[in-house]
Amino acid sequence: MMTPRRLLQESDELLFWVEECLVQEIRIVPGWLVARLMVVLRHAHSELPARLGRERRPEQVMEIIYDAQAALMTQACNNRGPAEVIPLFARARERMLREAATL
């Protein structure tokens, strides 16, 4: 299952490769990279694959990846529920509750 956190990791890796295209002066993002990117975009937001469309210039692809990461961050935060509270002083609390009940 592709969780938002896993998709964020994948988007980071894809961003690395798109940045590498810029460094190597490759003017078009390779097809194998676009195929992986489309998976991330579909999960991030329904409008992002259409925004990518036929765009292959690294600078523009990077902008779309940033937008996907923003959407995935929101999903990751929303998917996480509140943390379980761990009582630090459980025995002291229990004793206080017992004492309060006897008053």
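In this structure, I26 CD1 and W17 CH2 are separated by 9.5 Å, a value rounded to the nearest 0.5 Å. E20 CD to L33 CG: the interatomic distance, rounded to the nearest 0.5 Å, is 11.0 Å. Of the inter-residue distances, the one linking L72 atom CG with E10 atom CD reads 11.0 Å to the nearest 0.5 angstrom. Remark: L37 CG to R42 CZ distance equals 10.0 Å, nearest 0.5 Å. Rounding to the nearest 0.5 Å gives a distance of 12.0 Å between SG of C21 and CZ of R56. To the nearest 0.5 Å, the span separating CG on L7 from CD on Q75 amounts to 7.5 Å.
A 6.0 Å sphere centred on CE of M73 holds no more than 12 heavy atoms belonging to other residues, nucleotides or ligands. Counting non-hydrogen atoms of neighbouring residues, nucleotides and ligands closer than 6.0 angstrom, the CD atom of E59 exceeds 12 such neighbours.
Although no hydrogens or angles enter the test, the distance criterion places a donor-acceptor pair under 3.5 Å between the side chain of E55 and the main chain of R57. Formation of a donor-acceptor pair under 3.5 Å by the Q69 side chain with backbone atoms of I64 is not found in this model. The main-chain N or O of V39 is found under 3.5 Å from a side-chain atom of H43 such that the two form a donor-acceptor pair. At least one donor-acceptor pair closer than 3.5 Å links the side chain of T74 to the backbone N or O of A70.
Under the 4.5 Å side-chain contact rule for hydrophobic residues, V23 and L15 do not share a cluster. L22 and I28 fall into different hydrophobic clusters, where Ile, Leu, Val, Met, Phe, Trp and Tyr are joined by side-chain heavy atoms under 4.5 Å apart, directly or via other members.
For the salt bridge (charged side-chain N to carboxylate O under 4.0 Å, His left out) test, residues two or more places apart in sequence or in another chain that qualify with D67 are R51. A search for salt bridge (charged side-chain N to carboxylate O under 4.0 Å, His left out) contacts involving R5 returns nothing, not counting sequence neighbours.
Exactly one of V29, V61, L41 qualifies for a side chain to side chain contact (heavy atoms under 4.5 Å, CB included) with V34. That residue is V29.
Of the charged side-chain nitrogens involved, none lies within less than 4.0 Å of a carboxylate oxygen, so that R27 and E25 do not count as a salt-bridged pair.
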